[in-house]
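Below, each value reflects all heavy atoms present in this structure, side chains not excepted, and no hydrogens, waters or symmetry copies. If you're wondering where the values come from, they're calculated on a predicted model, not measured in any experiment. Quick note on labels: first sequence line is chain A, next is B, and so on, each numbered from 1.
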Amino acid sequence: MSLDTTMEKTYQPHEIERSWYKNWEEKNYFAPSGKGTSYTIMIPPPNVTGSLHMGHAFQQSIMDALTRYRRMQGYNSLWQVGTDHAGIATQMVVERKLAAEESKSRHDLGRDAFIEKVWEWKEQSGNTITRQMRRLGNSVDWETERFTMDEGFYNAVQEVFIRLHDDGLIYRGKRLVNWDPKLHTAISDLEVESTEEQGSLWHFRYPLVDGAKTLDGSDFIVVATTRPETMLGDTAVAVNPKDERYQHLVGQYVELPVVGRRIPIVADDYVDREFGTGCVKITPAHDFNDYDVGKRHQLPLINVMTINANIREHAEVFNLDGTVNTTVTNVIPEQYHGLDRFSARKKIVKEFDNLGFLEKIEPHTLKTPRGDRSGEVIEPLLTDQWFVKIKPLAEPAIKAVEDGDIQFVPKQYENMYFSWMRDIQDWCISRQLWWGHRIPAWYDNNGNVYVGRSEEEVRSKYKLAADLALSQDNDVLDTWFSSALWTFGTLGWPENTARLQTFHPTDVLVTGFDIIFFWVARMIMMTMYFMKDEQGNPQAPFKTVYVTGLIRDENGQKMSKTKGNVLDPLDMIDGISLKDLLNKRTGNMMQPQLAARIKQSTQTQFPEGIAAHGTDALRYTLFSLASTGRDINWDMKRLEGYRNFCNKLWNAARYVLMNTEGQDCRQNGGEVDYSLADRWIVSKLQHTEKAVCDAIESYRFDLASQALYEFIWNEYCDWYLELSKPVLWDENATEEQLRGTRYTLVRVLEAILRLAHPFMPFITEEIWQQVRSLAGKEGDTIMLQPYPACDPNNIDEAAVAELEWVKGIVVAIRTIRSEMNIKPSAEISVLLNNATELDTKRLGSNYTFLKRLAKLADIQTLPTGSKAPDMVATKLVGDLEVLVNMTDLVDKTAEIARLQKEIDKLSKEQTRLNNKLTNDNFISKAPAVVVEKEQNKLKEVENALQKFAEQLSKMQQL
RNA sequence: GGGCAGGUAGCUCAGCUGGGAGAGCAUCGCCCUUACAAGGCGAGGGUCGGGGGUUCGAACCCCUCCCUGCCCACCA
């Protein structure tokens with residue numbers, strides 16, 4: 001063996017990873033080959049100004065493994081990369097920066113200058129995430145990188161908007177929408193999160209007029225509300241039509257206190273008789289349910305709030321069709337003007353109290369709607385917005401999943417998809433932001449709307465006079481509107497490009513369950529509307545949606561900045577000092593008061609900071625934890641374990657190189673004489689190849705990584721490398737034997753590298769480069785080598801059985817050694833009793849293996865008729881008795897205890913089997929094979945028991 | 001209120017269409033054996049959330065309850 005290999009003693013990932021990625025990218029290996037069947041994955045575009053978190057690392061590792069796997073299998077593989085402009089999120093970041101650095105708001109700059117700032121920020125920070133993606137080893141096609149606001153996407157977005165509008169599927173109207181008073185924009189239903197909060201239920205008296213009385217003679221009715229301030233906009237009180245208490249009052253009026261407006265009492269099924277008082281104040285302009293009630297009863301809409309959710313000086317009054325209502329008074333008492341919602345609430349409650357109209361206040365838990373970005377309480381507000389009429393788009397999208405054209409993995413997410421899609425509401429797509437795709441619509445001074453690509457096109461399309469003044473809509477589109485076009489927009493649509501024809505529809509979408517509605521569903525709808533196959537049928541954007549779980553911290557908590565438990569994937573790759581980690585976790589916090597606790601928990605958990613583990617270890621950990629659909633509780637110990645695994649593979653390669661470099665590994669052919677171990681490991685490799693491929697095809701990356709791990713560590717390293725030593729170090733070995741073992745060592749290692757490459761791209765490439773020529777392979781990179789496939793012809797079941805026999809004996813002897821406290825250095829002799837002809841034959845051909853692996857002075861069969869020595873320790877391998885000679889090492893008590901333990905275990909098993917086999921029902925009803933199996937087991941157990949019992953009594957007599 | 005997922009060793013999780021439970025880490029021994037101490041060899045540890053049912057046989061199928069997490073929904 002030569003020790004002059006160039007490999008370091010431990011695996012040092014950092015430099016290797018950097019240089020290989022650079023090499024791959026420069027050589028353009030990530031680009032589709034242009035040959036073979038196409039395979040496409042579209043990356044979920046991360047926020048352009050964002051940075052990589054564990055969720056990205058997880059999903060991208062999976063996409064990379066799939067892409068590398070298919071690429072190696074010869075598919076024309078495209079992993080499309082790109083980033084998202086992320087409207088609200090990006091705009092907020094830049095606004096915050098602007099406020100912090102220049103104490104300016106976006107309004108101080110004005111729209112054009114602000115947008116320019118965002119572009120600057122995008123240029124400046126936009127490559128953070130792409131740089132991080134390179135560190136992960138992602139084999140994305142960088143040459144065709146896209147951005148959701150690049151020129152091509154701009155065209156696609158306009159085209160989609162205009163066509164949907166012209167097809168009657170986009171409309172504009174004054175509607176009640178979810179309004180974020182902090183961000184000053186409408187948001188969609190999906191961007192509203194409801195949280196359970198403690199509030200009150202206020203009971204207000206509304207005086208009846210025209211002499212009306214309740215059944216018990218009161219001249220007022222009592223309404224219950226959680227939002228007193230909206231009473232300024234009440235336009236009715238509703239009761240249930242079946243409610244005997246109030247039936248007679250339907251059609252009567254109350255006079256709204258504070259405001260003095262006469263409003264009707266109406267009957268509506270919406271009202272629950274059991275809740276509150278059974279009387280509900282109706283405020284159609286500030287509550288979604290009330291809006292619907294208002295529609296049914298032709299009530300006017302009175303908006304009492306500004307876009308800041310402050311009380312207006314004059315209410316805006318509208319009819320249901322959005323026209324201005326001039327008959328209802330718009331007066332709001334002066335003392336409320338300009339108050340925010342919550343101050344107004346207090347003041348109104350106080351006023352009711354003063355008037356004697358406050359019946360009572362009950363504590364009440366309610367669901368408060370909050371904006372997912374701002375955290376602000378959302379206010380239903382009447383505004384002019386653009387909507388997509390979604391039902392016609394949803395129908396084919398539902399059918400595609402029903403028919404199995406699109407499959408979710410795991411399947412249970414289909415239910416989630418269906419339940420949302422079947423009850424889908426029109427999609428509000430306009431946002432009152434500046435950063436995004438501006439809506440391609442123009443208005444004249446009379447409020448007429450013209451939709452088109454440009455002012456010029458609009459003028460000609462609608463045949464407008466040249467002097468008609470037009471101005472473009474100020475709003476931008478919901479970010480998800482453009483990302484919904486991702487699968488085809490990135491491929492050149494609306495042009496019918498070659499890329500579009502080759503790579504669409506795509507194969508699999510890998511994403512988190514949290515954006516199934518936001519993105520996946522909308523992508524399916526949009527794609528199916530715009531993309532058609534040759535027969536004109538709608539095309540699905542992808543065949544499979546692989547839904548990943550969330551990565552949580554070791555306690556199952558969601559990782560978040562405020563909890564201070566965020567782990568940066570790059571820190572696990574490159575390592576980070578405690579000091580830097582603390583800075584990262586406590587610096588720039590929105591709630592600085594949390595810093596102390598975060599500091600403490602971080603110090604406890606990472607007293608030394610985080611060590612560098614390398615990309616491959618990180619990736620392998622992610623794969624091993626990726627059982628479908630489950631959230632992952634991150635475990636640093638697992639990461640360490642897989643770092644060790646990388647090192648194991650590295651050292652196995654070192655061993656192989658030490659023993660093969662400069663030697664004949666049959667690169668040029670030649671006769672070979674394969675050892676049992678050679679034939680065994682090649683057979684095991686076939687099984688592993690099948691297991692790994694099957695697991696990848698079914699998206700079970702945990703099973704794939706486990707099969708690979710077990711093969712490499714427990715079979716190749718633990719047994720095969722050890723078994724190769726007696727051959728390689730045997731002075732009497734023939735050239736054919738040496739060649740056979742070296743050949744097998746190298747070839748199996750080379751296959752392992754290819755098999756593992758999709759999971760651990762860097763270490764496999766590095767080692768592969770060194771074994772390539774020894775393994776007789778051509779090619780510049782492992783990336784483009786064929787993926788190993790199981791060949792049943794290479795499976796030698798007889799060799800597998802025989803090697804299992806060898807392992808059985810070796811393990812039996814090791815166990816005796818350990819339990820009898822025999823020094824590892826002591827060479828012992830072993831006898832095999834009760835040996836069959838086959839045992840004897842196997843012993844003959846595996847003598848040197850056994851001697852070396854069990855560290856024996858000698859091993860032989862006990863000749864028939866001769867008596868075994870008295871002082872032996874016994875173990876059974878099937879019917880074969882393994883006897884370790886203890887004459888010089890006697891510890892009678894230990895052996896008696898050991899035998900007793902064996903007997904106890906066997907007795908239990910015997911009882912169990914006996915019970916089963918004396919049960920007539922079992923004998924008569926269980927399948928014959930099962931009965932036979934159990935009978936054989938019992939025979940074996942009884943046999944073993946007898947032998948141990950004999951041995952025990954012998955020992956006791958000594 | 002409706003729906004989904006999960007509860008298996010101290011921890012994190014596997015367990016394919018029912019035939020007495022596995023891995024990694026942790027723990028406990030023994031070893032610096034010439035690829036690897038980021039290692040080697042061996043050992044201990046589980047009433048598979050509770051209860052009931054189907055079955056010769058249940059971690060797995062059915063019913064029921066308990067706990068955890070998530071999604072959806074208008075109770076003012």
(message) Pair A:Glu909, A:Lys905 - check salt bridge (Lys or Arg N to Asp or Glu O under 4.0 Å), show working.
(response) CA-CA 7 Å; A:Glu909 182 70 0; A:Lys905 213 173 3 178; over 6 Å; no

(message) Measuring only the C1' atom in each nucleotide, how far is B:A9 from B:G18? A whole number of Å is fine.
(response) 23 Å

(request) Classify the side chain of A:Lys9 versus the base of B:C36 as yes if they form a donor-acceptor pair under 3.5 Å and no if they do not. (result) no

Mind listing the N/O atom pairs, protein and nucleotides 19-26 of chain B, below 3.5 Å?
none

Check nucleotides 69-72 of chain B against the protein and report each pair of N or O atoms closer than 3.5 Å, with its distance, or say if there are none.
none

(message) Taking only the C1' atom of each, what is the distance from B:C56 to B:G45 in whole angstrom?
(response) 31 Å

(message) One pair to check against salt bridge (Lys or Arg N to Asp or Glu O under 4.0 Å): A:Arg912 and A:Glu934. What are the steps and the verdict?
(response) CA-CA 10 Å; A:Arg912 210 201 88 226; A:Glu934 298 293 276; 3.6 Å; yes

(request) If a protein heavy atom is under 4.0 Å from the base, mark B; if only from the sugar-phosphate, S; if neither, -; do that for nucleotides 43-48 of chain B going 5' to 3'. (result) S-----

(message) Expressed as a whole number of angstroms, how long is the span from A:Leu703:CG to B:C13:P?
(response) 15 Å

(message) What's the gap between B:A26 and B:C72 when it is taken at their C1' atoms, as a whole Å value?
(response) 41 Å

(message) Under 3.5 Å, is there a donor on one side chain and an acceptor on the other for A:Tyr291 and A:Thr283?
(response) no

(request) Answer yes or no for A:Lys725 and A:Tyr655: cation-pi contact, defined as NZ/CZ to six-membered ring centre under 6.0 Å and angle to ring axis within 45°. (result) yes

(message) Which is more 5' along RNA chain B, the nucleotide nearest A:Asp702 or the one nearest A:Trp719? Just name the residue.
(response) A:Asp702

(request) Give a yes-or-no answer on whether the side chains of A:His613 and A:Glu640 include a donor-acceptor pair shorter than 3.5 Å. (result) no

(request) Determine the interatomic distance between P on B:G69 and the same-named atom on B:G22; round to the nearest Å. (result) 32 Å

(message) With heavy-atom distances below 4.5 Å as the criterion, would you say the side chains of A:Leu850 and A:Ile809 are in contact?
(response) yes

(message) Tell me the closest heavy-atom pair linking A:Phe518 and A:Leu190, and the distance in Å.
(response) CZ-O, 3.2 Å

(message) What's the gap between B:A21 and B:C48 when it is taken at their P atoms, as a whole Å value?
(response) 11 Å

(message) Using the C1' atom as the point on both nucleotides, what is the distance between B:U8 and B:G2, in whole Å?
(response) 30 Å

(request) Using modelled atom types only, decide if a donor and an acceptor are shared between the side chain of A:Asn647 and the backbone of A:Tyr11 within a distance under 3.5 Å. (result) yes

(message) Please report the distance separating the C1' of B:C65 from the corresponding atom of B:G24, rounded so that it comes out in whole Å.
(response) 34 Å

(message) Under 6.0 Å between ring centres: does that hold for A:Tyr413 and A:Phe408?
(response) no

(request) Starting from P on B:C74, measure out to NZ on A:Lys295 and report it in whole angstrom. (result) 15 Å

(request) Could you check if a side-chain atom of A:Phe517 sits within less than 4.5 angstrom of a side-chain atom of A:Asp189, using non-hydrogen atoms only? (result) no

(request) Have a look at A:Asn919 and say if it touches a base, only the backbone sugar-phosphate, or nothing, with a 4.0 Å heavy-atom cut-off. (result) sugar-phosphate

(request) Please state the P separation for the pair B:A14 and B:A23 - nearest whole angstrom. (result) 16 Å

(request) Let me know the distance between CD of A:Gln12 and P of B:C36, rounded to the nearest Å. (result) 15 Å

(message) How many whole angstroms separate atom CG of A:Leu366 from atom P of B:A73?
(response) 16 Å

(message) For a quick test of reading the model, state the closest non-hydrogen atom pair linking A:Met820 to A:Ala873 and the distance between them.
(response) CG-CB, 4.3 Å

(message) Which label fits A:Tyr620 and A:Phe623: parallel for a plane angle under 30°, tilted from 30 to 60°, or perpendicular past 60°?
(response) perpendicular

(request) May I ask you to say what A:Asn633 touches in the nucleic acid, namely base, sugar-phosphate or nothing, with a heavy-atom cut-off under 4.0 Å? (result) sugar-phosphate

(request) Starting at atom CG of A:Leu721, determine the distance to atom P of B:A35, rounded to an integer number of angstrom. (result) 10 Å

(request) Give a yes or no answer on whether the side chain of A:Trp650 reaches the backbone of A:Glu8 with a donor-acceptor pair at less than 3.5 Å. (result) yes

(message) Just the rounded figure in Å: distance from C1' of B:C41 to CZ of A:Arg852.
(response) 14 Å

(message) Checking side-chain polar atoms at under 3.5 Å, does A:Asp234 have a donor or acceptor matched by the opposite partner on A:Tyr206?
(response) yes

(request) Establish, from distance only, whether the side-chain atoms of A:Lys855 and A:Ser825 form a donor-acceptor pair under 3.5 Å. (result) no

(request) Using a heavy-atom cut-off of under 4.0 Å over every strand shown, decide if A:Tyr270 touches base, sugar-phosphate, or nothing. (result) base

(request) Please state whether the rings of A:Phe352 and A:Phe204 are parallel, tilted or perpendicular, taking 30° and 60° as the class boundaries. (result) parallel

(message) Can you see whether A:Trp427 has A:Arg522 sitting over its ring - NZ or CZ less than 6.0 Å from the centre and within 45° of the normal?
(response) yes

(request) For the side chain of A:Asp718, starting at C-beta, report the closest nucleotide among B:A38, B:A35, B:C41. (result) B:C41

(request) Would you verify whether the NZ or CZ of A:Arg742 falls within 45 degrees of the ring axis of A:Trp729 while also being under 6.0 Å from that six-membered ring's centre? (result) no

(message) Mind checking if A:Val223 touches a base, just sugar-phosphate, or nothing, with heavy atoms under 4.0 Å?
(response) nothing

(message) Within the 4.0 Å limit for protein heavy atoms, which parts of nucleotides 5-10 of chain B are touched? Write it as a string from 5' to 3', B for base, S for sugar-phosphate only, - for none.
(response) SS----

(request) Rounded to the nearest angstrom, tell me the gap between atom CG in A:Asn651 and atom P in B:C36. (result) 6 Å

(message) Identify the stems formed by RNA chain B, where each pair is Watson-Crick or G-U wobble with both distances under 3.5 angstrom and a stem is at least 3 consecutive pairs.
(response) B:1-7 with B:66-72, B:10-13 with B:22-25, B:27-31 with B:39-43, B:49-53 with B:61-65

(message) Between A:Glu197 and A:Arg370, does any NZ, NE, NH1 or NH2 come within less than 4.0 Å of an OD or OE carboxylate oxygen?
(response) yes

(message) Can you work out whether A:Ser627 or A:His364 has the more 5'-proximal nearest nucleotide on RNA chain B?
(response) A:Ser627

(request) May I ask you to check whether A:Gln910 and A:Ser907 show a side-chain donor-acceptor distance below 3.5 Å? (result) no

(request) Scan residues 278-287 of chain A against RNA chain B and write down, sorted by residue number, each residue with any heavy atom closer than 4.0 Å; if none is found, say none. (result) A:Gly278, A:Val280

(request) May I ask you to evaluate whether A:Arg654 reaches the phosphate of B:G39, defined as a side-chain N or O under 4.0 Å from OP1 or OP2? (result) no

(message) Pairing donors with acceptors under 3.5 angstrom, does anything connect the side chains of A:Arg700 and A:Ser627?
(response) no

(request) Figure out the CG/C1' separation between A:Leu625 and B:C11, and round it to whole Å. (result) 13 Å

